[in-house]
**Q** 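Right, I'll just put the structure down here and ask away after.
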Amino acid sequence: MDTFNDIKELISALKREEKLISEMFSKRKSIDYKYSDAVALVDYDENRIDYLIQRSVLRENGGLLELDDQFLEFFEQILDVNEEVNLSYIDENIRNIRENIDYFLNENNENKKYIYLRFIKKTFRKMGTVTLRSVVDLRRNIENTFKNEANYKNKQLKLENLDTKRKVIENLINHTLKLINEDEITFFNRALDEELNRIIIELKHQLGECSHNLIEIEKQIIDYLNQIKHQGLFLEKLRKLKHLKDHFTIEAETDIKQIIASKNQVIFETRITEPLNLSLDFLRESEKAFEAIKKVAKNHKNRKQYKPILADRISDEYLESTIENEIMINLEEIRNKFVATSDNLFNFILLYDFLKEVDFEERVTLFCQIISQYEEELVIEDDFKKTNGIEYAIVYSK
């Protein structure tokens, strides 16, 4: 089995066959895609189909084609159309964060500490998105199961299993919040990273939203299970009555005749409306009709006509647009200006004008970030200096 040589070859192949891949992805659940249909979409060039099969983009089975599982899962994750609740992924992220926090606390090298910190921030960012997506997928699966599953026993079983997944998500949320608020207080006190603080605030907001949705999902599952139980009892009783009727014992073994005799409902009959239209001759010639018309007109005359109350004019203050400016630190711009100087990196950042107040600790963090991202463009010497209790390596541009 061949593989793609690099990312450019992969992207070029997907771009070249975007029509075929898009068609197969949209029809992934509705039809079995035939090899002959795929050949027609690539201008009858079978070599292009074989190229995708050899590189595991497509799989062939008995004249039928389908997208490989890893590509199918990738497309569904990116487009947010996957229907499976990926709980193991959330649990794995929590474990990876705990491991990298331990690495961070044990590491003395600032560059390596920043690498661990960057991984932790990236994983926290993903956890909020994945948890939200899992809750959305869970709600969608619950509704689809209740509406589309015809077998009542399977419907009940699937809903109970989905409720188990809900409990797992709820436990993972609690473990994540416990990790942030209780278990790793030392790490958050040492990290002192502004971006990490923003990520944690956003993550707590996302997890809070997920928790509220899980409460509604629990109510929905309980309601659906009660409906299934009620409908199941009704169907069970109906089957018993049908069994008695088929064996001609329903009248002997039940009191159905007495019950039907005591009921007068005609709920299955359609209501027939019979409007009464009076003739014009009767209205013109009958005095009683004239008196009735005057009485109705008098009642309508005394009615008050309510005019809708118009809202006050919107104040101009609410229509004025306000703009807030925030100065962001651009690492690439700092790198470009540093390359044009002969100063060492730490001293350059220490004296750099950021157009806003940047304290010493944040400048040290920027020093580590630039080294981590542009290491190939820098010369890190064995010489060290110390400023404000911080020992740093002398770094120049190449």
Side-chain angles (χ1 to χ4, degrees), residues 1-93 96 118-119 121-151 154 158 161-162 165 169 202 206 209-210 213 332 373:
M1 191 68 67
D2 296 333
T3 58
F4 292 100
N5 295 322
D6 51 38
I7 189 67
K8 290 183 179 179
E9 183 183 359
L10 170 61
I11 294 175
S12 298
L14 296 179
K15 176 63 178 177
R16 183 174 60 252
E17 310 303 346
E18 63 174 331
K19 186 176 181 181
L20 171 62
I21 294 174
S22 176
E23 181 71 10
M24 291 184 65
F25 182 76
S26 63
K27 300 288 193 304
R28 67 191 184 280
K29 294 184 180 179
S30 57
I31 63 173
D32 294 327
Y33 212 82
K34 296 180 179 179
Y35 185 92
S36 56
D37 295 331
V39 172
L41 282 177
V42 295
D43 301 326
Y44 299 96
D45 186 354
E46 295 188 11
N47 292 329
R48 292 165 62 180
I49 302 294
D50 294 337
Y51 177 84
L52 295 178
I53 294 174
Q54 291 172 3
R55 284 157 178 78
S56 299
V57 178
L58 303 180
R59 287 191 296 159
E60 182 184 10
N61 184 15
L64 299 176
L65 290 177
E66 60 180 346
L67 287 170
D68 186 77
D69 291 340
Q70 59 181 347
F71 281 94
L72 181 61
E73 183 180 355
F74 171 74
F75 294 145
E76 287 181 339
Q77 289 285 349
I78 293 299
L79 298 174
D80 196 15
V81 293
N82 59 309
E83 296 182 354
E84 294 299 323
V85 181
N86 195 347
L87 302 179
S88 60
Y89 185 76
I90 304 173
D91 193 25
E92 183 181 355
N93 280 336
N96 289 336
R118 184 172 60 182
F119 178 86
K121 291 191 289 187
K122 180 180 69 174
T123 309
F124 270 131
R125 230 181 345 249
K126 288 192 298 184
M127 283 184 62
T129 304
V130 172
T131 308
L132 277 173
R133 185 179 296 172
S134 297
V135 172
V136 173
D137 292 340
L138 181 64
R139 180 184 288 274
R140 180 170 58 244
N141 288 338
I142 290 170
E143 293 179 354
N144 290 339
T145 299
F146 182 77
K147 294 176 182 177
N148 301 324
E149 178 57 59
N151 187 302
N154 284 342
K158 288 182 179 181
N161 290 334
L162 289 170
K165 292 184 177 181
I169 295 177
E202 177 65 19
Q206 291 173 326
E209 185 177 347
C210 290
N213 278 279
E332 186 174 356
Q373 295 189 23

**Q** Starting at CD1 of Ile49, measure out to CG of Leu65 and round the result to the nearest 0.5 Å.
**A** 6.0 Å
**Q** Identify the two heavy atoms, one from Ile169 and one from Leu138, that lie closest to each other, and give their separation to 0.1 Å.
**A**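 Smallest heavy-atom distance, with atoms named: CD1-CD2, 4.1 Å.
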**Q** Where do Glu209 and Leu132 land on the side chain to side chain contact (heavy atoms under 4.5 Å, CB included) test, with the steps shown first?
**A** CA-CA 8 Å; Glu209 185 177 347; Leu132 277 173; 4.2 Å; yes
**Q** I need the minimum non-hydrogen distance between Lys19 and Leu41, along with the two atoms involved.
**A** CE-CD2, 3.7 Å
**Q** Once side chain to side chain contact (heavy atoms under 4.5 Å, CB included) is applied, do any residues pair with Asn154, and if so which ones, sequence neighbours excluded?
**A** Glu149, Asn151
**Q** Rounded at 0.5 Å granularity, tell me how far CD1 in Ile11 sits from NZ in Lys15.
**A**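 NZ of Lys15 is found 11.5 Å from CD1 of Ile11.
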**Q** Kindly indicate whether the side chain of Leu52, heavy atoms from C-beta on, has any atom under 4.5 Å from the side chain of Glu17.
**A** yes
**Q** With rounding to the nearest 0.5 angstrom, report the NZ to OG1 distance, Lys158 to Thr145.
**A**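 Result: 6.0 Å between the selected atoms.
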**Q** Return the CG to NZ distance between Asn96 and Lys122, rounded to the nearest 0.5 Å.
**A**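 Those atoms lie 10.0 Å apart.
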**Q** Carefully, step by step, assess Leu58 and Glu66 under the rule side chain to side chain contact (heavy atoms under 4.5 Å, CB included).
**A** CA-CA 6 Å; Leu58 303 180; Glu66 60 180 346; over 6 Å; no
**Q** Enter the distance from Ser134:OG to Asn141:CG here, rounded to the nearest 0.5 Å.
**A**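 Rounded to the nearest 0.5 Å, the OG-CG separation comes to 10.5 Å.
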**Q** Of all heavy-atom pairs between Arg16 and Arg48, which one has the smallest distance, and what is that distance?
**A**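 That would be O-NH2, 3.7 Å.
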**Q** What's the separation between atom CG in Leu64 and atom NZ in Lys34, rounded to the nearest 0.5 Å?
**A** 8.0 Å
